[in-house]
Amino acid sequence: MVVRGYSSERDVLLRLRPLLEKVIGSKDSVPDEAFMPRKDRFAMNLLHMPDDEAYSIIGGVWHPGQSTPIHDHLTCALIGVYEGEERETLFRRIDDGSNPKKAKLERVGERTNQKGHVTVLDHSGKHRVDNVSLQAAFSIHIYGRDIGNAERHSYDPVTGEISRFVSGYCNVLRDTERF
């Protein structure tokens with residue numbers, strides 16, 4: 001597996017990107033079950049994770065109008081749009097990071113990602129994803145750890161407040177079912 005074959009995050013990302021591009025570029029390469037939606041919020045469905053939890057692959061689903069908060073992953077991430085469109089806004093922390101409860105963020109880019117686009121984020125990447133189209137959006141995400149059980153951060157763009165959260169997986173029950 002590519003994730004275990006290289007020691008640097010940069011090397012892993014460079015080698016995984018073309019593989020993800022190939023998967024999301026093929027019409028029927030991902031089963032429909034990967035994209036089970038939720039009505040109340042965007043969905044993260046676990047597709048694969050090895051026993052050592054070295055990485056996780058999820059299917060993301062956004063109905064029109066659904067979005068994520070500004071958040072981090074605290075690991076490397078590749079996000080490939082399989083179908084539809086996702087508006088992605090990228091942020092960078094510009095304070096010194098000394099206050100664990102507040103952050104000053106700067107918006108560094110925004111784009112609408114369409115089928116075939118792959119976003120690559122290193123461990124410090126922060127973004128928000130919105131579905132501003134009239135159709136559902138589906139994407140495949142690869143993370144450098146068990147993202148659904150990892151504590152991460154969301155950021156309030158107005159107050160700078162940092163909140164901690166664990167996203168879970170929509171298709172796996174916490175504490176009762178282990179992958």
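What you see is a predicted model, and the numbers here were worked out from it, not measured in a lab.
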Query raised in the report: In Å and rounded to the nearest 0.5 Å, what is the SG to CE distance from Cys170 to Met44?
Result: 7.5 Å
Query raised in the report: Would you say Ile24 and Leu20 make side-chain contact, with heavy atoms under 4.5 Å?
Result: yes
Query raised in the report: From Gln66 CD over to Asp130 CG, what is the distance, rounded to the nearest 0.5 angstrom?
Result: 11.0 Å
Requested in this report: Can you see which heavy atom on Leu13 is nearest to which on Leu121, and at what distance?
Outcome: CD1-O, 4.1 Å
Query raised in the report: Taking a hydrophobic cluster as the set of Ile, Leu, Val, Met, Phe, Trp and Tyr residues connected by side-chain heavy atoms closer than 4.5 Å, whether directly or through intermediates, do Leu74 and Val166 fall within one such cluster?
Result: no
Query - Lys126 to Arg93 - nearest heavy-atom pair and separation - result: CE-CB, 4.1 Å
Report task. Check for a donor-acceptor pair, side chain of Lys115 on one end and backbone N or O of Gly80 on the other, with a separation under 3.5 Å. Result -> no
Query - Over all atoms of both residues, closest heavy-atom pair of Gly148 and Ser167 - result: CA-OG, 3.7 Å
Query raised in the report: Got a salt bridge between Arg92 and Glu106, using NZ or NE/NH1/NH2 to carboxylate O under 4.0 Å?
Result: yes
Report task. Please tell me if the side chains of Lys101 and Glu161 come closer than 4.5 Å, counting only heavy atoms from C-beta onward. Result -> no
Requested in this report: Of all the heavy-atom pairs spanning Val81 and Ser139, show the shortest one and how long it is.
Outcome: CA-CB, 4.1 Å
Requested in this report: Check whether any side-chain N or O of Ser29 sits under 3.5 Å from a backbone N or O of Gly25 as a donor-acceptor pair, and report yes or no.
Outcome: no
Query raised in the report: If you measure from CG on Leu47 to NE2 on His141, what distance do you get to the nearest 0.5 Å?
Result: 9.5 Å
Query raised in the report: Where the side chain of Thr68 meets the backbone of Val129, is there a donor-acceptor pair that is under 3.5 Å apart?
Result: yes
Query - Check ion pair Arg152-Asp72 (N to O, under 4.0 angstrom) - result: no
**Report entry** Heavy atoms from other residues, nucleotides or ligands near CD of Glu110 exceed 12 (cutoff 6.0 Å)
**Finding:** yes
Report task. Hey, could you give me the OG1/CG distance between Thr75 and Asp122, rounded to the nearest 0.5 Å? Result -> 10.0 Å
Query raised in the report: Taking Asp156 for the side chain and Val158 for the main chain, is one N or O donor matched with an acceptor at less than 3.5 Å?
Result: yes
**Report entry** N/O donor-acceptor pair under 3.5 Å between Asn45 side chain and Met36 backbone
**Finding:** yes
Requested in this report: Taking the side chain as every heavy atom from C-beta outward, state whether Ile140 and Ile58 have any pair of such atoms under 4.5 Å apart.
Outcome: no
Requested in this report: Group every Ile, Leu, Val, Met, Phe, Trp and Tyr by side-chain heavy-atom contacts under 4.5 Å, then state whether Ile79 and Val118 land in the same group.
Outcome: no
Query - Candidate pair Ser133 and Glu85, rule side chain to side chain donor-acceptor pair (under 3.5 Å), full reasoning - result: CA-CA 7 Å; Ser133 75; Glu85 296 180 351; 5.1 Å; no
Report summary line: For Pro157 and Ile70, the nearest pair of non-hydrogen atoms, with its separation, is CB-CD1, 3.7 Å
Requested in this report: Establish whether Leu46 and Trp62 are linked, either directly or via other cluster members, by ILVMFWY side-chain heavy-atom contacts under 4.5 Å.
Outcome: yes
**Report entry** Value rounded to 0.5 Å, distance of CG in Leu105 from CG in Leu90
**Finding:** 12.0 Å
Query raised in the report: His73 vs His127 aromatic rings, parallel, tilted or perpendicular, using cut-offs 30° and 60°?
Result: perpendicular
Requested in this report: Kindly state whether the ring of Phe35 and the ring of Phe138 have centres lying under 6.0 angstrom apart.
Outcome: yes
Requested in this report: May I ask you to check whether Tyr55 and His48 place their ring centres under 6.0 Å from each other?
Outcome: yes
Requested in this report: Could you walk me through whether Arg111 and Glu88 pass salt bridge (Lys or Arg N to Asp or Glu O under 4.0 Å), step by step?
Outcome: CA-CA 6 Å; Arg111 62 181 169 236; Glu88 179 179 36; 3.4 Å; yes
**Report entry** Donor-acceptor pair, side chain of Asp11 and main chain of Arg15, under 3.5 angstrom
**Finding:** no
**Report entry** Intermediate values then yes/no, side chain to side chain donor-acceptor pair (under 3.5 Å), Ser56 and Arg145
**Finding:** CA-CA 6 Å; Ser56 54; Arg145 66 180 180 162; over 6 Å; no
Query - Linked, directly or transitively: Val61 and Leu78 (ILVMFWY side chains, under 4.5 Å) - result: yes
**Report entry** Closest non-hydrogen atom pair between Tyr169 and Ile147, with its separation
**Finding:** OH-N, 3.4 Å
**Report entry** side chain to side chain donor-acceptor pair (under 3.5 Å) between Glu86 and Thr112, worked out
**Finding:** CA-CA 6 Å; Glu86 298 175 359; Thr112 300; over 6 Å; no
Query raised in the report: How long is the gap from SG on Cys76 to CG on Leu16, to the nearest 0.5 Å?
Result: 7.5 Å
Requested in this report: Kindly work out whether a path of hydrophobic side-chain contacts (I/L/V/M/F/W/Y, heavy atoms less than 4.5 Å apart) joins Leu19 to Val23.
Outcome: yes
**Report entry** Whether Tyr155 side chain and His71 backbone form a donor-acceptor pair below 3.5 Å
**Finding:** no
**Report entry** Neighbour count >12 (heavy atoms, 6.0 Å) for atom CG, Asp32
**Finding:** no
Query raised in the report: Any side-chain heavy atom of Arg17 within less than 4.5 Å of one from Val120?
Result: yes
Requested in this report: Please indicate whether Arg10 has more than 12 foreign heavy atoms, meaning atoms of other residues, nucleotides or ligands, lying under 6.0 Å from its CZ.
Outcome: no
